[in-house]
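The next block holds one structure in the form of C-alpha cells; read it before the comments.
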Amino acid sequence: MDYQALLNIIEKDLESFDHQGKVASYIPELAFVSPNKFGMHLHCINGKDYFIGDSEEKFSIQSISKVFTLTLAKKHKSKIWDRVDVEPSGNPFNSLIQLEKEKGVPRNPFINSGALVIADILISCLENPKEELLAFVRYLAQDHDIYYDEKVAASEKSKGYRNIALVNYMKSLGNINNDADDILDFYFHQCSLAMSCSQLSKAFMVFANEGKIIGTQERVLKTKSIKRINAIMQTCGFYDEAGEFSFRVGLPGKSGVGGGIVAIHPHQYAVAVWSPKLNAHGNSEKGMRVLEELTSLTGLSIF
C-alpha cells in the first residue's frame with residue numbers, strides 16, 4: 001500500500017474542505033491555538049512513517065490521554081471494572097445527569113467521570129503518579145521529548161468546575177478514595193500532555209501490535225487486555241459520536257478537544273491527525289473527514 005500517495009491525495013482534497021467547526025474555548029489556553037493547523041502521521045507495523053502537514057508540532061492531547069491512563073491502570077491493577085463500566089455513554093463527555101442516574105459509577109473510562117475514577121486508581125497504586133504516567137507515555141512512544149504543558153494544566157484548573165463537581169459527587173457515593181484535589185491535579189496534567197501526531201502514532205502502535213512495543217517487541221500488556229481497550233475505543237472513544245465514527249471510519253480510536261484523533265488498524269498501522277476546529281460533539285471536524293477518506297481510499301477497516 002502506497003500510504004504516502006494516499007496522504008497526498010487527502011491533503012489535496014482538503015484544499016476545498018469547508019470548515020464549520022470552532023476551536024475549544026472553555027479551556028482558555030486552547031483558544032490561542034491557530035484554527036488552521038493540520039497534521040497527519042501514519043506509522044506502519046513495519047516501522048515506516050508517512051505524513052503531511054504539521055505532523056511534528058506538539059499540541060494538547062486532552063482526552064486521548066485517557067487511553068494511556070487506562071492502559072497504565074490495567075498494567076498495575078487488574079480489577080477496575082467494578083468501579084467503571086464499559087458501555088457507550090450516548091451523552092456529552094462531562095454529563096452530570098447520567099452519573100447521578102447510575103449512582104456514581106461512570107458509564108465508561110473515556111468520559112470525564114470515568115477518567116477521574118481511573119486517576120483515583122492510579123493515585124492509589126503509584127508512588128509518583130504524574131512522573132510515572134509521563135515516563136510510561138515516553139516509553140510507549142520511545143521518545144523522551146514529551147512533557148506536560150503547565151500553562152494548559154493551570155488553564156484547565158482555573159475553569160474545571162464541572163470536573164470538580166463530578167469527582168466530589170462520586171466521592172459522596174463512595175467511588176472515589178483519594179483527596180479530590182490530588183485527583184483533579186493529576187487529571188488536569190494528564191490532559192495537558194503535549195505530543196505531536198508523529199509521537200502519538202508511535203505510542204499507539206502498542207494497540208495495533210497486540211500489546212508489544214514496535215522494534216523491541218517488549219510486552220506492555222497481555223493481548224486480552226489490549227483487545228478490550230481497543231473494543232472500548234471502538235464503542236466509546238468519541239463520546240456521543242462513537243457510532244458515527246464507527247460508521248464512517250471503522251477503526252478503534254480516541255479523540256481529544258485539543259483537536260487530535262488517533263486511530264489504529266490492528267496489525268497494520270496507527271494514525272494520528274490534528275486539526276483544532278471541533279464539531280458539535282467535541283471531535284475534530286477535519287480529523288473525522290480525513291480518517292474517513294483514509295479508510296475509503298485503502299478500502300480497509302476492521303469491518
Side-chain angles (χ1 to χ4, degrees), residues 1-17 19 21 23-24 30 32-65 67-68 137-149 152 191-209 213-215 233 237 245 249 251-265 268-278 283-298:
M1 187 77 68
D2 188 347
Y3 285 114
Q4 191 60 55
L6 298 182
L7 265 58
N8 293 341
I9 291 171
I10 290 170
E11 186 173 36
K12 182 68 176 176
D13 289 346
L14 287 176
E15 293 176 3
S16 60
F17 183 70
H19 262 127
V23 174
L30 296 186
F32 297 120
V33 178
S34 170
N36 298 318
K37 289 290 185 180
F38 172 76
M40 183 174 188
H41 197 109
L42 187 149
H43 189 72
C44 275
I45 196 87
N46 62 10
K48 293 184 178 180
D49 293 282
Y50 308 92
F51 49 88
I52 52 176
D54 304 305
S55 67
E56 297 291 342
E57 184 169 340
K58 292 181 176 65
F59 60 93
S60 179
I61 71 169
Q62 293 295 313
S63 286
I64 295 171
S65 67
V67 183
F68 296 138
V137 175
R138 288 172 170 174
Y139 168 62
L140 293 181
Q142 297 286 284
D143 189 335
H144 287 278
D145 187 25
I146 297 169
Y147 51 83
Y148 295 118
D149 187 324
V152 172
C191 290
S192 79
L193 277 166
M195 297 176 70
S196 66
C197 291
S198 172
Q199 291 170 327
L200 276 170
S201 64
K202 290 166 185 172
F204 266 70
M205 279 306 298
V206 70
F207 305 105
N209 193 38
I213 300 291
I214 289 291
M233 281 199 279
F245 189 79
V249 179
L251 298 175
K254 186 71 192 80
S255 63
V257 296
I261 298 177
V262 190
I264 63 108
H265 194 306
Q268 300 291 330
Y269 62 76
V271 58
V273 296
W274 172 48
S275 177
K277 284 190 176 182
L278 310 178
N283 297 316
S284 172
E285 186 180 43
K286 187 181 284 188
M288 296 278 285
R289 169 69 177 270
V290 300
L291 290 173
E292 178 183 11
E293 191 163 356
L294 175 66
T295 53
S296 295
L297 287 170
T298 62

By side chain to side chain contact (heavy atoms under 4.5 Å, CB included), Ser55 pairs with (sequence neighbours left out) His41, Phe51, Cys197

Residue set satisfying salt bridge (Lys or Arg N to Asp or Glu O under 4.0 Å) with Glu57, at least two apart, ordered chain then number -> Lys37

By side chain to side chain donor-acceptor pair (under 3.5 Å), Asn36 pairs with (sequence neighbours left out) none

Residues at least two apart in sequence or cross-chain that pass side chain to side chain contact (heavy atoms under 4.5 Å, CB included) with Val137, listed by chain then number, are Phe68, Leu133, Ile146, Leu193, Met195

Tyr269 meets the ring-ring contact (aromatic ring centres under 6.0 Å, His included) criterion, sequence neighbours left out, with Tyr3, His265

Those residues at least two apart in sequence (or on a different chain) that pass ring-ring contact (aromatic ring centres under 6.0 Å, His included) with Phe38 are none

Sorted by chain and number, sequence neighbours left out, salt bridge (Lys or Arg N to Asp or Glu O under 4.0 Å) with Lys277 holds for none

Those residues at least two apart in sequence (or on a different chain) that pass ring-ring contact (aromatic ring centres under 6.0 Å, His included) with His43 are none

Residue set satisfying salt bridge (Lys or Arg N to Asp or Glu O under 4.0 Å) with Glu293, at least two apart, ordered chain then number -> none

Residues passing the salt bridge (Lys or Arg N to Asp or Glu O under 4.0 Å) test with Asp143, sequence neighbours excluded, are none

Test side chain to side chain contact (heavy atoms under 4.5 Å, CB included) applied to Ser275 and Glu285, step by step
CA-CA 8 Å; Ser275 177; Glu285 186 180 43; over 6 Å; no

For this session: Could you tell me whether the side chain of Met233 reaches within less than 4.5 Å of the side chain of Phe204, counting heavy atoms only?
Result: yes

Margin query: Check this for me, if you would: do Asp145 and Lys58 make a salt bridge, where the nitrogen-to-carboxylate-oxygen distance has to be below 4.0 angstrom?
Written below: yes

Across all chains, not counting sequence neighbours, the side chain to side chain donor-acceptor pair (under 3.5 Å) partners of Lys286 are none

Is there a donor in the side chain of Asn283 and an acceptor in the side chain of Ser255, or the other way round, less than 3.5 Å apart?
yes

Fill in: Side chain proximity check, Ile45 to Gln268, heavy atoms < 4.5 angstrom
no

Applying ring-ring contact (aromatic ring centres under 6.0 Å, His included) to Tyr147 and not counting sequence neighbours gives none

